[in-house]
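Worksheet: the structure to be examined is printed underneath.
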Amino acid sequence: MATIQYRSLRKVFDGGSVAVDDLDLEITDGEFLVLVGPSGSGKTTVLRITAGLEEATRGEVMIGGSVVNGVPPMDRNIAMVFQNYALYPHMNVYANMAFGLKRHKVPKRVIKPRVEAAAQMLGIEDLLERKPAQLSGGQRQRVAMGRAIVREPDAFLMDEPLSNLDAKLRVEMRAYLAALHQRLGTTTLYVTHDQTEAMTMGDRVALMRDGTLQQIDRPQTLYDRPVNVFVAGFVGSPAMNLVRSPLLSGAGGLSVRLGGKELRLPETLLARRPGLRAYAGKTVIVGVRPEDIEDAAFVSSANGSSLDVRVSLAEPMGAEVIAYFPVAAEPVAATASVVAARGDEQVDTAQLLQKVRGRESDEVIVTARLNTRTRAGAGQPLRVVVDVDRLHFFDPTTEEAIW
Amino acid sequence: MSTLAYRRPRGRFLARRFRRAGIGTYLVLLLFAVGSIFPLYWSLVVASHDNSAVAAYPPVLTPGHELWHNITRLFNSGEVNVSFWSALLNSAIVATVVTAAVVFFSILAGFAFAKLQFRGRRALMLTIVATMLVPVQLGVIPLYIEMIHLHWVNRLPAVIAPNLVTAFGVFLMRQYIVAAVPNDLIDASRVDGCHTARVFWHVVLPAVRPAAAVLGLLTFMNTWNDFFWPLIVLSPRNPTVQVAVSTLASGYVQDYALVLTGTFISILPLLAVFLVLGKQIIGGIMQGAVKG
């Protein structure tokens with residue numbers, strides 16, 4: 001096991017495109033770090049540089065304290081799991097798993113028990129004689145994991161290993177991988193574009209965009225304290241609602257305008273975000289998580305932060321109801337690009353509804369996660385309450401969070 | 001009920017897809033088969049008669065009893081002006097060496113062009129493809145002069161050396177490797193401990209077997225049947241089989257029974273190679289088809 005460090009890592013491809021820009025990052029010993037970001041954010045490049053499959057243009061990669069720039073992949077003592085498994089088609093499962101050990105001149109008497117133990121751990125001991133073509137997607141995924149495990153490497157590098165599985169299997173393997181990491185305790189760098197995977201699996205999550213690291217922290221911190229609009233929009237499902245609003249200063253303190261009403265900001269919020277006072281009278285970007293909007297019927301005191309809306313669409317999910325409704329507010333130009341960056345699997349319904357309704361610049365479709373017993377239905381009026389204490393604020397120019 | 005209702009059209013669909021071919025289809029196929037096999041058959045017919053059969057009217061269409069006699073004459077150096085045994089041996093050596101070399105070098109070069117990054121890769125590949133545009137005949141005179149300087153005229157290296165690698169082979173293998181060997185597989189083998197030579201040996205070679213069999217078959221056939229260059233550079237005293245057959249056909253009196261016996265015998269090794277490699281090719285195609 002080992003730490004992995006990046007110092008001022010930069011990668012420029014032949015065409016001049018900057019894939020990774022000045023990355024400084026440390027993955028501690030035994031940590032499960034998820035590198036997440038939209039496609040083209042440079043996360044896979046970081047992984048490939050770590051594996052030695054790409055060379056860094058500048059900067060250092062350190063594994064276990066020693067600089068490995070220029071060290072060939074085979075001498076880095078890392079194991080990699082690929083998106084499409086990359087199993088050798090002409091070898092059976094046993095040979096696939098044993099191949100790396102053979103190449104590293106591990107004696108046969110060691111290889112056999114190791115492969116068998118890993119196969120047992122992964123529940124593939126009956127498949128050892130089969131060729132990859134005779135396996136299902138889930139089985140191939142396990143073999144690919146097995147091939148990495150038997151190496152007993154310093155670190156696992158995983159490149160979107162679950163993205164080729166169907167939804168059910170993906171959820172299953174997610175839990176399985178997390179359990180496996182707890183058992184083995186090997187340092188793991190896990191690359192994905194799926195924010196749900198990132199949030200559920202990582203000890204820490206590093207969010208990248210256009211080659212630069214946006215934020216690295218524990219999943220909950222990323223969710224609670226996003227550093228900018230991009231992180232706020234990328235993390236969380238459904239995505240955070242973002243609108244532009246003037247920060248009004250009145251006798252009762254500061255307030256924001258949403259749905260034609262002025263929502264007063266409580267003192268507790270201003271105490272947590274003292275920087276907000278400097279924005280009095282200016283426009284800010286206001287973020288509301290869908291879970292911070294509730295049907296008024298289920299909230300004891302509204303504190304004057306209620307809105308009357310007409311529901312466009314209500315999706316009963318069982319444990320909750322996702323409701324979409326237009327609210328008079330100024331949309332944020334960045335929202336669409338952030339939502340697009342979340343990956344094609346997360347087409348945001350709110351964005352679609354916005355498109356269906358046409359370009360009304362003074363309205364934003366807001367998403368809310370309502371109590372499952374809500375009476376909200378498409379086309380019906382509804383009173384909702386916004387938890388103003390949990391609003392997020394961003395500078396409209398820099399898009400950085402205001403604290 | 002609903003299951004039945006669902007199954008019935010499916011059954012009908014399958015029946016339509018795998019319907020037996022009609023008599024017309026069989027007739028057309030039969031016609032083509034006969035057209036293809038007839039020349040081979042007729043060379044056997046003439047080879048099994050004496051020289052008069054070739055000019056007989058109506059033409060002789062059934063095999064006679066002279067085949068063995070003609071074969072003995074063919075291999076009797078006292079009777080014909082060429083050593084057919086050594087011609088067969090020469091062709092076997094040339095075709096085998098050239099085939100092995102073309103397959104090996106083409107896979108090697110194809111791998112480099114498909115999967116390795118090096119400066120001038122595209123330009124070099126374009127140059128190689130461009131050489132296919134130049135007719136072989138254009139290179140004959142300079143090549144012949146080269147052979148004289150190397151003192152290879154009338155010797156087998158003269159027919160082997162210029163054919164050790166072909167642009168077509170490199171191109172075919174490059175295209176196949178691009179499609180058949182995913183980059184991730186190569187990366188995986190690098191992480192597993194392979195340097196480039198081992199990647200080639202452990203990952204690329206096993207993956208290209210079907211294409212290698214196709215290339216091997218085509219190369220063997222081409223080399224075996226090559227006539228133009230061996231005729232120029234080899235003498236009738238040390239010929240390949242095609243040159244030997246043409247030598248049989250030269251002279252004032254032409255013994256067509258003998259010529260067609262030579263032709264018939266020269267085709268047999270090709271059939272044998274096709275039977276061996278054909279299985280590989282079909283095996284390769286099937287393997288590809290079964291893979292999910």
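By convention in this document, chain letters (A, B, ...) are assigned in the order of the sequence lines, proteins followed by strands, and residues within each chain are numbered from 1.
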Counting heavy-atom pairs under 4.5 angstrom with chain A, the leader among B/Val203, B/Leu185, B/Asn183, B/Ile186 is B/Leu185
Item to complete: Fit a plane to each ring of A/Phe99 and B/His202, take the angle between them on a 0 to 90° scale, and name the class: parallel (under 30°), tilted (30 to 60°) or perpendicular (over 60°).
Response: perpendicular
- Ring geometry between A/Tyr88 and A/His90 (parallel below 30°, tilted from 30 to 60°, perpendicular above 60°): tilted
Check: After noting the C-alpha distance and the side-chain angles of A/Asp21 and A/Arg10, does the key distance pass the salt bridge (Lys or Arg N to Asp or Glu O under 4.0 Å) rule?
Finding: CA-CA 5 Å; A/Asp21 197 7; A/Arg10 184 178 165 87; 2.7 Å; yes
Measure distances from [X] to the heavy atoms of chain B and classify the residue's part below 4.5 Å as side chain, backbone, both or neither.
X        : value
A/Ile78  : both
A/Arg147 : side chain
A/Ala148 : neither

**Item:** A/His181 and A/Phe156 aromatic centres sub-6.0 Å
**Value:** no
Practice task
Please confirm whether the backbone N or O of A/Thr186 pairs with a side-chain atom of A/Thr188, one donor and one acceptor, at under 3.5 Å?
Solution key: yes
Most heavy-atom pairs under 4.5 Å with chain B, out of A/Arg48, A/Gln134, A/Met74, A/Arg151, belong to A/Met74
Ranking A/Leu157, A/Asn84, A/Asp75, A/Leu135 by heavy-atom pairs under 4.5 Å to chain B gives rank one to A/Asn84
